[in-house]
Number of protein chains: 2
Amino acid sequence: MVDAATEDAVDDAILRQFVGYHMRRAANILQADLARTLKEIDLRMITMSVLVVIVDNPGLRQSQLADALAIERPNLVSILDELEERDLVSRTRVPTDRRAYALTPTQAGEKLAAKALELTAEHEDRILSQINLEERAQLVALMQRIVDGA
Amino acid sequence: MVDAATEDAVDDAILRQFVGYHMRRAANILQADLARTLKEIDLRMITMSVLVVIVDNPGLRQSQLADALAIERPNLVSILDELEERDLVSRTRVPTDRRAYALTPTQAGEKLAAKALELTAEHEDRILSQINLEERAQLVALMQRIVDGA
DNA sequence: GTGATTAGGTATGGTACATATCAGTTCAGA
DNA sequence: TCTGAACTGATATGTACCATACCTAATCAC
């Protein structure tokens, strides 16, 4: 009998037949590097996403934001609390619907969002340096098909 | 001023420029479907991975397994406890090193691992039905390059 | 033989994410 | 117009996952 501990190298070959296994590993690498990159401006990935979408969609409501980013509403609250506390975003009552808040970025928020996009672009250029633009487009197109199929 | 809440559709267009955003969404979809699939045989993704690697590398030690799957040793303990409790895997002392355990699958473990691989393959065929084999190979090759570059 | 290292395990904490529920507000239909 | 359903944001809570620090027993290096 083959004894892995002594005769063979232990490996994950059996799992490498699956696309999902490779995708999870690649996604983990991207995520770890982006998290490290955004630490420089004291943002987490999720707070960065929220800030950037608010800057790109000023005046949107929390529920719209939650839908756009597929975040549960309760989890959005503390994220916005933090962004508001840091004067990057403001919650202002919507006159026509007193239940809702309109989310708008402050000037500091717009500035930090621009910096965050810049850092994220640099991060991707770094991590994806071995993959040219055409290949990146292929990659995105294939993943988009997975998302669309679901 | 454009008001997103009333005039425009709120979207995540600003984030779609990034490969990582698409990858994370695609990976989440794969993960959710696989988790649902494996529930049928009462395995989580991580326990399935551990079981399958043990079947493919009988006799390996816990630290080798942890290295192969990039799992921290403490987190492996409860996973193996569960697999042992369910009589899918056995921990047996290594005679030449009484600190170590050799991990071997039971017959039931081998059988369940085969079933798990079958279910996982079905899951991928389902989720990736819009992507042919050549494209899947491209996808894997590109993600492999990301992993190798890190 | 003594100190450093290793294997497995324990305890603990942080992060992310989901559900159930609530108060206040708005809306639709009787 | 009134009443019940639905919606908005918030709160409380639970779970899954992953990482660090530390412990013991055993082994290894010198």
Side-chain angles (χ1 to χ4, degrees), chain A residues 4-6 10 24-25 27-32 34-36 38-39 42-50 54 59-85 89-104, chain B residues 4-6 10 20 24-25 27-29 31-32 34-36 38-39 42-50 54 59-85 89-104:
Chain A
T6 57
V10 171
R24 167 152 271 274
R25 296 205 123 187
N28 281 347
I29 286 170
L30 285 183
Q31 178 168 349
L34 180 54
R36 208 176 323 118
L38 291 176
K39 218 168 204 173
D42 199 24
L43 286 181
R44 290 175 298 146
M45 273 178 47
I46 187 67
T47 49
M48 182 276 275
S49 299
V50 165
I54 291 172
L60 85 171
R61 302 177 185 191
Q62 291 185 205
S63 55
Q64 292 176 308
L65 178 56
D67 288 347
L69 289 177
I71 303 174
E72 297 302 316
R73 264 73 94 202
N75 298 328
L76 198 50
V77 174
S78 63
I79 295 169
L80 290 170
D81 285 347
E82 180 194 333
L83 290 174
E84 202 177 24
E85 166 72 23
V89 159
S90 68
R91 281 190 261 223
T92 59
R93 284 279 178 202
V94 175
T96 57
D97 187 343
R98 301 197 322 173
R99 294 171 302 182
Y101 289 106
L103 302 172
T104 51
Chain B
T6 56
V10 171
R24 167 153 269 274
R25 297 205 123 188
N28 281 347
I29 286 169
Q31 177 168 350
L34 180 55
R36 207 177 323 118
L38 291 176
K39 219 168 203 170
D42 199 25
L43 286 180
R44 290 174 298 143
M45 274 179 46
I46 186 69
T47 50
M48 182 275 275
S49 299
V50 165
I54 291 172
L60 85 172
R61 302 179 184 189
Q62 292 186 204
S63 54
Q64 292 176 307
L65 178 56
D67 288 347
L69 289 177
I71 302 174
E72 296 303 317
R73 263 76 84 192
N75 299 327
L76 198 50
V77 174
S78 63
I79 295 169
L80 290 171
D81 285 348
E82 180 193 333
L83 290 174
E84 202 177 25
E85 166 72 22
V89 158
S90 68
R91 282 190 261 222
T92 58
R93 285 279 179 202
V94 175
T96 56
D97 187 343
R98 302 196 319 170
R99 294 171 302 180
Y101 288 107
L103 302 172
T104 51

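Note: hydrogens, waters and symmetry copies are ignored here, and every other heavy atom, side chains too, is used. In what follows, every chain begins at residue 1, and chains take the letters A, B, ... in the order their sequences are listed.
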Would you give a per-nucleotide map of nucleotides 23-30 of chain D, 5' to 3', where B means the base has a protein non-hydrogen atom under 4.0 Å away, S means only the sugar-phosphate does, and - means neither? ---BS---

Under 4.0 Å protein heavy-atom contacts per nucleotide of nucleotides 13-20 of chain D, with B for base, S for backbone only and - for none: ----SBBB

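Legend: residues meeting side-chain hydrogen bond (donor to acceptor under 3.5 Å, both in side chains) with A:D67, ordered by chain and number and at least two apart, are absent. Residues forming a salt bridge (Lys or Arg N to Asp or Glu O under 4.0 Å) with B:E72 (at least two apart in sequence, or on another chain): none. Partners of A:R25 under the salt bridge (Lys or Arg N to Asp or Glu O under 4.0 Å) rule, at least two apart in sequence or in another chain, are A:D12. The side-chain hydrogen bond (donor to acceptor under 3.5 Å, both in side chains) check on B:S90 picks up B:T104, with sequence neighbours excluded. Under the side-chain contact (heavy atoms from CB on, under 4.5 Å) criterion, B:A68 pairs with A:V10, not counting sequence neighbours. Applying the side-chain contact (heavy atoms from CB on, under 4.5 Å) criterion to A:R91, with sequence neighbours excluded, gives A:Q62, A:L80, A:D81, A:E84, A:Y101, A:L103. Partners of B:N75 according to the side-chain hydrogen bond (donor to acceptor under 3.5 Å, both in side chains) rule, which considers only residues two or more places apart in sequence or in another chain, do not exist here. In this structure, the salt bridge (Lys or Arg N to Asp or Glu O under 4.0 Å) partners of B:D97, at least two apart in sequence or on a different chain, are B:R61, B:R99. Taking the salt bridge (Lys or Arg N to Asp or Glu O under 4.0 Å) definition, one finds that A:R93 meets it with nothing, sequence neighbours left out.
Here B:R91 lies in heavy-atom contact (under 4.0 Å) with sugar-phosphate atoms only.
In the 5' to 3' direction, nucleotides of DNA chain C lying under 4.0 Å from heavy atoms of chain A begin and end at C:dA16 to C:dT26.
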